[in-house]
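From a predicted model like this one, the values you see are computed outputs, not experimental measurements.
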Amino acid sequence: MIRPTRVLPVLLLAPLLLTACGSEKADADPASGSSTRSAEAADQGELDARAQALGIAPELVYVTEAPGFTLARQSVGVLGDDGFSATWVSAETGAQLRLSVDRGSITAATCPGQPVGDMSGERTTCERDGDAWYRTGAGRHEYAVPEEGHVVRVSGEADAVPRDVLREAALAAHRPDAAEAAGLLPSAEPAPSAPVERGDLPPFGDGAPDNSVDAGG
């Protein structure tokens, strides 16, 4: 005997299908988030390795921007024990903005005793400007921004870089994201060295050096 098949009404099927689809999506989301976090951790690990290869503490790496100024990548390097330094250059005027980050602090009491632009022995004047210090001395001026355990400085020649440009670059300084750090720091992998070509190797035989001498030699 053939038993009649029970068919669920369409109105009952719809909620069941929606519930099933929703559970599949919910199960997929955690895996997607885990993959993203793993990629971000890998990127950060590579960028930390790039900084450490230069002797720079990764937490002291900063980047900035200023209209008309472009990073001179060859200028990127270590400052002091494990600090960071880089220079941005104006293609139009040749003026330079130097970004430097080093451990330490700066206060009203210590500001006058810290030279501007590493020029020791010169008189330094200090002026509070918001959370930063505007400092002048030895023909240069800079903005120094105290951070937790370190100081971010942007400096330039007083007659080449206007104060407002200096200030904007100092306030724009920040820890780089992955893309910015990749464009800022050279690769940690050593550059491949080209093989040395020897001029005394003959093009035939086993390639042994030609040590023959002329008569009388």
Side-chain angles (χ1 to χ4, degrees), residues 39-40 42-104 106 114-119 122 124 127 129-148 150-194:
E40 290 176 352
D43 289 343
Q44 188 59 51
E46 178 187 351
L47 298 174
D48 288 353
R50 290 188 181 196
Q52 291 165 351
L54 295 175
I56 303 170
E59 66 272 18
L60 299 183
V61 176
Y62 274 69
V63 68
T64 190
E65 57 185 20
F69 286 80
T70 304
L71 171 69
R73 290 198 66 183
Q74 69 274 16
S75 69
V76 176
V78 64
L79 173 66
D81 293 332
D82 60 355
F84 171 79
S85 177
T87 300
W88 278 254
V89 181
S90 168
E92 182 178 353
T93 65
Q96 298 182 6
L97 283 174
R98 185 193 183 208
L99 169 65
S100 59
V101 186
D102 207 359
R103 301 190 188 279
I106 185 169
Q114 299 183 26
V116 177
D118 301 326
M119 297 294 291
E122 296 288 341
T124 300
E127 174 189 333
D129 189 344
D131 294 332
W133 289 95
Y134 175 65
R135 296 155 34 82
T136 60
R140 298 181 64 81
H141 59 166
E142 76 172 19
Y143 267 89
V145 184
E147 297 291 350
E148 187 66 32
H150 57 274
V151 181
V152 179
R153 306 172 190 268
V154 178
S155 61
E157 295 185 357
D159 59 354
V161 181
R163 176 175 173 174
D164 61 332
V165 173
L166 200 68
R167 184 177 188 275
E168 289 180 10
L171 296 180
H174 61 277
R175 296 295 310 283
D177 59 24
E180 290 172 325
L184 180 71
L185 300 170
S187 172
E189 296 295 329
S193 56

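Crowding of D131 atom CG: a count of heavy atoms from other residues, nucleotides or ligands under 6.0 Å not exceeding 12. Enclosure of atom CD in E127 by more than 12 non-hydrogen atoms of other residues, nucleotides or ligands within 6.0 angstrom is indicated. The neighbour count for D81 CG, taken as heavy atoms of other residues, nucleotides or ligands under 6.0 Å away, does not exceed 12.
With hydrogens and angles ignored, the 3.5 Å screen pairs no side-chain donor or acceptor of R98 with any backbone N or O of A86. When atom types are taken as modelled, the side chain of R167 and the backbone of Y143 share no donor-acceptor pair closer than 3.5 angstrom. A donor-acceptor contact shorter than 3.5 Å links the side chain of T64 to the backbone of A169. Using a distance-only test at 3.5 Å, with no hydrogens or angles considered, a donor-acceptor pair links the side chain of S75 to the main chain of A72. When atom types are taken as modelled, the side chain of E168 and the backbone of V165 share no donor-acceptor pair closer than 3.5 angstrom.
Of all non-hydrogen atoms in V161 and G156, the two that sit nearest each other are CG2-CA, 4.3 Å. Shown here for V151 and A144, the closest heavy-atom pair between the two residues is CG1-CB, 4.0 Å. When every heavy atom of A178 is checked against every heavy atom of L47, the shortest pair comes out as CA-CD1, 3.6 Å. Summarising the geometry of A51 relative to P58, their closest heavy-atom pair is CB-CA, 4.1 Å, with the distance given to 0.1 Å. Nearest heavy-atom pair across P146 and I106 is CG-CG2, 3.7 Å. Nearest heavy atom pair, residue A95 against residue F69, reads O-CE2, 3.4 Å.
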Inset, instruction - Evaluate the criterion side-chain hydrogen bond (donor to acceptor under 3.5 Å, both in side chains) for residue pair R140 and S155; output intermediate values, then yes/no. - result: CA-CA 7 Å; R140 298 181 64 81; S155 61; 3.3 Å; yes
Inset, instruction - Test D129 against R163 for side chain to side chain contact (heavy atoms under 4.5 Å, CB included), laying out the working first. - result: CA-CA 12 Å; D129 189 344; R163 176 175 173 174; 3.4 Å; yes
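Counting heavy atoms from C-beta on, the side chains of R153 and V101 never come closer than 4.5 Å. Contact annotation: the side chain of L166 approaches that of L97 to within less than 4.5 Å [non-hydrogen atoms, C-beta and beyond]. Side-chain contact between V63 and L71: absent, with no pair of heavy atoms (C-beta onward) separated by less than 4.5 Å. Side-chain contact between E65 and W88: absent, with no pair of heavy atoms (C-beta onward) separated by less than 4.5 Å.
Between Y134 and H141, the two ring planes are perpendicular [angle over 60°; tilted spans 30° to 60°].
With respect to the salt-bridge test (charged N to carboxylate O, under 4.0 angstrom), the residues E147 and R175 do not qualify. A salt bridge links D82 with R103: the distance from a Lys NZ or Arg NE/NH1/NH2 to an Asp or Glu carboxylate oxygen falls below 4.0 Å.
For H150 and F84, the ring centers are positioned 6.0 Å apart or more.
Rounding to the nearest 0.5 Å places CD of E59 at 8.5 Å from CG of D48. Taken from CD in E142 to OG in S100, the straight-line distance is 6.5 Å, to the nearest 0.5 Å.
Y62 pairs in a side-chain contact (heavy atoms from CB on, under 4.5 Å) with only one of the listed residues (L184, V152, V145, V154), which is V152.
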